[in-house]
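Report on one structure; see the data block that follows.
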There are 2 protein chains.
Amino acid sequence: MAKGATIHHVAKKAGVSTATVSHVLNNTRYVSTETRELVLQVVRELRYYPSAVARGLATQETKTVGIIFSDIANPFFTALFKGIERELAPLGYDLILENTGEHPEKQEHSLQVLLSKQVDGIILAPTGQQSPILQLLKENGTPLVLVDRSVQGMDLPLVEVNNRQAAFAATSHLIGDGHRRIGVILGLDTTTDRLAGYMQALEQNGLPVDESLFYRGNASLETGCSGAKALLAHAAPPTAIFTANNLMTLGALHALRELGLRCPEDVALIGFDDTDWASIFTPPLTVVQQPTGEIGRAAASLLHKLMSDKGSAEISLRQTFPAQLIVRGSCSPACLANYLKRQKDDRLTR
Amino acid sequence: MAKGATIHHVAKKAGVSTATVSHVLNNTRYVSTETRELVLQVVRELRYYPSAVARGLATQETKTVGIIFSDIANPFFTALFKGIERELAPLGYDLILENTGEHPEKQEHSLQVLLSKQVDGIILAPTGQQSPILQLLKENGTPLVLVDRSVQGMDLPLVEVNNRQAAFAATSHLIGDGHRRIGVILGLDTTTDRLAGYMQALEQNGLPVDESLFYRGNASLETGCSGAKALLAHAAPPTAIFTANNLMTLGALHALRELGLRCPEDVALIGFDDTDWASIFTPPLTVVQQPTGEIGRAAASLLHKLMSDKGSAEISLRQTFPAQLIVRGSCSPACLANYLKRQKDDRLTR
DNA sequence: CTGAAAGCGCTTACAG
DNA sequence: CTGAAAGCGCTTACAG
């Protein structure tokens, strides 16, 4: 660093003041055509690129927004990132991405980094609960919007899918296919509403809630795998499983493969989130799909309003998008027929 | 911005100079235990977090490295990111990620952003050729390492997989299975060596090179899809296809599905890069696998050496990692048997 | 053991 | 139409 030309170098070489250089570069006050051209010429000759850090210190604006995700390898988050980028890049914002790996302490560190780097705003997919820095950020009015997940006990702007409706749709679909014992594999966050939707579907259909059919872990392939194994080792195993995120769906698929079980013949599967490969998988995966790109754009757009300090009165601080059920092949009624047959066989052999 | 406490506030409240505050925070000169504790106490009370931008301006070091990828949705790059992060995070570096979408102009913009943000170093997976800012970065000695791809006409530190060997292994495997007409779907970058490996395998086995079996596009699902379709519409279609990156493999798979073709019965497929779902796909995908995490770590480690300004003599500026062939089910010799049978059928019906 | 002050590279009222 | 100078929030020789 420090090797490049500074504004002083160009001012000196052009025979003008640094104020003038600054003004032509930022188009911030009138400068005669000739001096303007001259300055621009020198800028080119010297290959001068203004220091964003000096500018940031002077203006107290960095034109960058920080993004904190729990898992950058999750396609859901990369799609979210693209949505955010699509909205903010044209507005001249740079994005700095922090990856927490679902560790609350790492998230706390990331928030601190963004705070000290003086980002203009933050988009956070939180993991864990309230925290000192989050509290500080809120108090000092740093524009911040939550995405995908909420933080218990903190009222912050939030944009997310309608988790309850999505889980309700998925579970209802399974019930419609005749399933009565439905396993759920859940992550840490986002859990409450998804579980509520699941239960609502059961209740609405007069089915009992059996908590031994719940498996909780974190949103990962490993959890999906061990969760499916655990559920299928149940004395009265579920005939269908609802996996509450795409990584867990993949994990459950790995488990089925290991166990030598077929889907949907032996067990039906319905996933949360779509992926590029879901439609050509064997079987094609039935999923409940989030409008991920839209969610990202909405979060970015909301953040932008907050950063622009528009009268907060008209801004809706909580946005919910509907999910869509995409029926493919992973949970045909076949599995139930199979299950009933199995039960009959069991009875006969006894 | 500007709402938080500054170093002056804590200095004043603690009754010391800003120098002292700075020194206790950075552990950079001796401070008596009592003043130290007092300062720390005030820091906590005021919830003071130093401004990284002011610090950056003063020290000419930002403790952040910039990363430029062409496609953040590509699992290869997210794995690379994780490798980099794993190496650099413990060293106290923050990462800022730029996404170019394979657009050279966007890359140029990203480089400029990183330059003006005064990052301490850059890791770049380049798309496109030489550029003014890249040239400037090189001249002014900004630590920069290329990853995955090289830049024509510029000698820059680079860590990548052994593309030629990888493509050679993939193609040889196909030839070993009896294939004689092998299609290749190629991206824009990385192409030369992969094609060279492909050709080397053909030549070494005395097979002719047929350029009508090459399909070029960019590294995307769409290219893989249209490429497979085009190749299979060939008058004398290939019996096997080598897709030069994971997104293109997925695209080719989509094409097969659309065309109602089976793999490997109708056409064999071998891909570049492994994915989480490849092993449980139907058929399980045979691929040539890069040690992606290692590549990321190596690039990060090399960059760190460059940033630490260690005697450049001992640093090896070009590192190559071997790829590994993982044989699964997508290119069994079955396809050739099938192909021969088809030819026979054709002959009979004529 | 600690402080006063210059300096990092910009922006921006204040003057003229 | 343009310049001199203060200030953004830190760090760090220089003194004592």
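Computation of the quantities below employed the complete heavy-atom set of this structure, encompassing side-chain atoms and omitting hydrogens, waters and symmetry-equivalent molecules.
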- request: Name the closest nucleotide to the Ala58(B) side chain, picking from dT12(C), dG9(C), dC10(D).
  value: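 Looking only at heavy atoms from C-beta outward on Ala58(B), the closest nucleotide is dC10(D).
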
For atom [atom1] of [X] and atom [atom2] of [N], their distance in whole Å:
{"X": "Gln118(B)", "N": "dC8(C)", "atom1": "CD", "atom2": "C1'", "answer": "10 Å"}
{"X": "Asn26(A)", "N": "dT12(C)", "atom1": "CG", "atom2": "C1'", "answer": "11 Å"}
{"X": "Leu57(A)", "N": "dT12(C)", "atom1": "CG", "atom2": "P", "answer": "12 Å"}
{"X": "Tyr48(A)", "N": "dG9(C)", "atom1": "OH", "atom2": "P", "answer": "10 Å"}
{"X": "Arg55(B)", "N": "dG9(C)", "atom1": "CZ", "atom2": "P", "answer": "16 Å"}
{"X": "His8(A)", "N": "dC10(C)", "atom1": "NE2", "atom2": "C1'", "answer": "8 Å"}
{"X": "Leu25(A)", "N": "dG9(C)", "atom1": "CG", "atom2": "P", "answer": "16 Å"}
{"X": "Glu61(A)", "N": "dG9(D)", "atom1": "CD", "atom2": "P", "answer": "14 Å"}

message: I'd like to know whether CD of Glu34(B) has more than 12 heavy-atom contacts from other residues, nucleotides or ligands below 6.0 angstrom.
response: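 No, CD of Glu34(B) has 12 or fewer neighbouring heavy atoms, counting only those of other groups under 6.0 Å.
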
- prompt: Is it the case that more than 12 heavy atoms not belonging to Gln129(A) sit under 6.0 Å from its CD atom?
  reply: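 Enclosed: over 12 neighbouring heavy atoms sit under 6.0 Å from CD of Gln129(A).
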
N or O in side chain of [X] less than 4.0 angstrom from [N] OP1/OP2:
{"X": "Ser22(A)", "N": "dT11(C)", "answer": "yes"}
{"X": "Gln60(A)", "N": "dG9(D)", "answer": "yes"}
{"X": "Tyr49(A)", "N": "dC10(C)", "answer": "no"}

Does any donor atom in the side chain of [X] or [Y] lie under 3.5 Å from an acceptor atom in the other side chain?
{"X": "Gln135(B)", "Y": "Glu139(B)", "answer": "yes"}
{"X": "Glu108(A)", "Y": "Gln112(A)", "answer": "no"}
{"X": "Gln41(B)", "Y": "Glu37(B)", "answer": "no"}

query: Should Ile295(B) and Asp148(B) count as side-chain neighbours, where that means a heavy-atom distance under 4.5 Å?
result: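 When only atoms from C-beta onward are counted, Asp148(B) and Ile295(B) do not touch, as no gap falls below 4.5 Å.
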
- prompt: Side-chain contact, heavy-atom cut-off 4.5 Å: Leu144(B) with Pro157(B)?
  reply: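 No, side chains not in contact.
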
message: Please report the interatomic distance OG1(Thr320(A)) to CG(Leu158(A)), rounded to the nearest 0.5 Å.
response: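 Separation between the atoms: 7.0 Å.
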
Under 3.5 Å, which N/O atoms of the protein pair with N/O atoms of nucleotides 2-6 of chain D?
unit_1 : atom_1 : unit_2   : atom_2 : d
dT2(D) : OP1    : Ser32(A) : OG     : 3.2
dT2(D) : OP1    : Thr35(A) : OG1    : 2.8
dT2(D) : OP2    : Ser32(A) : N      : 2.9
dT2(D) : O4     : Arg29(A) : NH1    : 3.4
dG3(D) : OP2    : Ser17(A) : N      : 3.1
dG3(D) : OP2    : Ser17(A) : OG     : 3.0
dG3(D) : OP2    : Thr20(A) : OG1    : 2.6
dG3(D) : N7     : Arg29(A) : NH2    : 2.9
dG3(D) : O6     : Arg29(A) : NH1    : 2.6

- prompt: For DNA chain D, what dot-bracket results from Watson-Crick or G-U pairs at under 3.5 Å, with [ ] for crossers and | for inter-strand partners?
  reply: |||.||||||||.|||

task: Kindly determine whether Glu102(A) and Arg149(A) satisfy salt bridge (charged side-chain N to carboxylate O under 4.0 Å, His left out), including the steps that lead there.
output: CA-CA 12 Å; Glu102(A) 308 265 7; Arg149(A) 287 122 90 128; 3.1 Å; yes

